[in-house]
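This report refers to the structure that appears directly beneath it.
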Amino acid sequence: MNKKENLLKVMNFETPDRIPFAFWYHFSPDADEGMKAVQQHLDLYREADFDLIKIMCDGFFNYPNPQIAEFTKASDWNKLRPLGPDHPWVRRQIWRAAEIVKRVAGECCVFYNVFNPMSLLRFAVGYDRLMEDIAADSDAVRHAFAVVGEDVRSLVRGLITEAGCDGIYYCVQNAETFRFTADQYRAIVRPAELAVLEYANTLSENNILHCCGWAGDKNRIEVWKDYPAKCVNWAVYTEGMSLRKGREFFGGKAVLGGFENTKQGILYSRTKEEVQKETKKIVLEAGPEGLIVGADCTVPADIDHERFRWVREALDEIEPEVIVPIRIQLRP
């Protein structure tokens with residue numbers, strides 16, 4: 001059984017041959033480095049012996065719609081029109097994914113990082129401008145989110161049907177407790193955001209939802225509770241919600257994570273013994289069924305890759321078929 005088959009067993013709550021794991025970081029967030037970016041992903045995957053590849057969308061954070069530069073007031077967002085499926089912003093990301101998928105040749109699952117519509121506009125104009133415009137004309141901004149969502153769906157279609165990705169790693173953000181009430185988020189942000197994930201599910205059943213705690217601020221994580229994804233990743237440490245509790249919160253879905261992703265966390269800063277002890281603790285607490293060991297979010301790019309191998313070694317010492325009944329016995 002190869003890594004791809006094993007990971008799909010995990011996502012379907014079957015006992016795996018080995019417990020999968022993966023971490024990722026940004027190689028060059030502000031630049032599209034072409035074939036260099038392809039090779040960086042492959043080198044990290046092979047050196048660390050990860051069980052999946054999550055392709056970073058480095059160089060494509062900004063939504064490059066030239067119309068935005070002409071907008072001077074909130075109501076102008078009503079004029080926004082999509083880039084279209086043939087725009088380089090769409091096609092270059094599909095190319096990157098296709099090159100990576102081709103080179104792993106079915107050995108492992110490949111997912112592509114896709115941002116939600118609000119985040120893409122936030123990258124383009126900044127939070128201050130976007131929140132001011134929402135306050136002034138939320139209907140116009142909601143229209144803009146829908147337009148961006150149309151381009152994101154074009155990207156998703158190409159990633160899965162052309163490039164051959166197994167699904168998307170869908171990053172939802174902007175639900176910090178100070179930014180919106182839950183009702184506001186659901187009314188303004190959710191429609192375009194959810195439409196992307198629902199569309200991805202028509203193309204692949206193996207999509208991962210990433211409830212991002214990137215700024216270290218707690219989210220109203222309940223707004224994503226019913227989002228339809230096969231697997232969920234959230235900021236365990238930021239949200240104060242363990243993998244075990246989160247699996248129940250999200251309706252029994254497969255989960256990804258366990259490690260804190262900061263430089264203060266165990267993975268980055270502690271000894272081999274401590275990293276491996278934490279690895280086993282994560283598996284025992286969550287159980288190996290429906291578990292992919294990873295982190296809250298991207299890890300620091302300067303992390304020593306040997307630390308990834310420590311996690312792999314610890315996981316290889318665990319026999320999933322033995323741990324499952326042990327974890328069940330620990331349930332309250």
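Every value quoted in this text rests on a predicted model; they were computed, and no experiment measured them.
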**Item:** Nearest heavy atoms of L291 and I19, plus distance in Å
**Value:** O-CG2, 4.2 Å
**Request:** Using the salt bridge (charged side-chain N to carboxylate O under 4.0 Å, His left out) rule, collect all pairs that involve residues 194-207, keeping only residues at least two apart or in two chains.
**Result:** E205-K230
**Asked** Taking only residues two or more places apart in sequence, or in another chain, which ones meet R220 in a side chain to side chain donor-acceptor pair (under 3.5 Å)?
**Response** none
**Request:** With sequence neighbours left out, write down each residue that passes salt bridge (charged side-chain N to carboxylate O under 4.0 Å, His left out) with D76, or none if nothing qualifies.
**Result:** K73, K79
**Complete:** Sequence neighbours excluded, the answer for ring pair (Phe, Tyr, Trp, His ring centres under 6.0 Å) partners of F145 is none
**Request:** Please name the residue in the list W89, F123, F115 that meets the ring-ring contact (aromatic ring centres under 6.0 Å, His included) test with Y63.
**Result:** W89
**Request:** Calculate, to the nearest 0.5 Å, the distance between atoms CG and CG belonging to N233 and L256 respectively.
**Result:** 4.5 Å
**Prompt:** What pairs with E33 under side chain to side chain donor-acceptor pair (under 3.5 Å), at least two apart in sequence or on another chain?
**Reply:** S28
**Fill in**
Residues passing the side-chain contact (heavy atoms from CB on, under 4.5 Å) test with A22, sequence neighbours excluded, are W24, F50, L52
**Prompt:** Residues in salt bridge (charged side-chain N to carboxylate O under 4.0 Å, His left out) with D226, at least two apart?
**Reply:** R190
**Prompt:** Among all residues two or more places apart in sequence or in another chain, which pass the ring pair (Phe, Tyr, Trp, His ring centres under 6.0 Å) test with Y112?
**Reply:** none
**Request:** Would you confirm whether the ring centroid of F23 sits within less than 6.0 angstrom of the ring centroid of Y25?
**Result:** no
**Asked** With distance as the sole test, does D304 use its side chain to make a donor-acceptor pair with the main-chain N or O of R307 at under 3.5 Å?
**Response** no
**Prompt:** Who pairs with E107 by salt bridge (charged side-chain N to carboxylate O under 4.0 Å, His left out), at least two apart in sequence or on another chain?
**Reply:** none
**Pairs touching residues 130-147 that satisfy salt bridge (charged side-chain N to carboxylate O under 4.0 Å, His left out), sequence neighbours left out** = R129-D133, D139-R142
**Salt-bridge contact D166-K4 (side-chain N to carboxylate O under 4.0 Å)** = yes
**Request:** For the residue pair F60 and N113, establish whether any side-chain heavy-atom pair is separated by less than 4.5 Å.
**Result:** no
**Salt bridge present between R96 and D32 (N-O < 4.0 angstrom)** = yes
**Prompt:** What are the two closest non-hydrogen atoms of G258 and Y237, and how far apart are they?
**Reply:** O-CE1, 3.6 Å
**Item:** Intermediate values then yes/no, side chain to side chain donor-acceptor pair (under 3.5 Å), N174 and S119
**Value:** CA-CA 7 Å; N174 313 302; S119 287; 3.1 Å; yes
**Complete:** When every non-hydrogen atom of A163 is compared with those of A98, the smallest separation belongs to CB-N, 3.5 Å
**Request:** Take Q173 and R122, measure what side chain to side chain donor-acceptor pair (under 3.5 Å) needs, and give me the verdict at the end.
**Result:** CA-CA 10 Å; Q173 300 176 318; R122 184 248 300 176; 2.6 Å; yes
**Message:** Atom CD of residue position E162 - does it have more than 12 heavy atoms of other residues, nucleotides or ligands inside 6.0 Å?
**Reply:** yes
**Request:** Using salt bridge (charged side-chain N to carboxylate O under 4.0 Å, His left out) as the criterion, list what pairs up with K280, not counting sequence neighbours.
**Result:** E317
**Complete:** Residues pairing under salt bridge (charged side-chain N to carboxylate O under 4.0 Å, His left out) where one sits in residues 251-271, two or more places apart or in two chains, turn out to be K263-D302, R270-E274
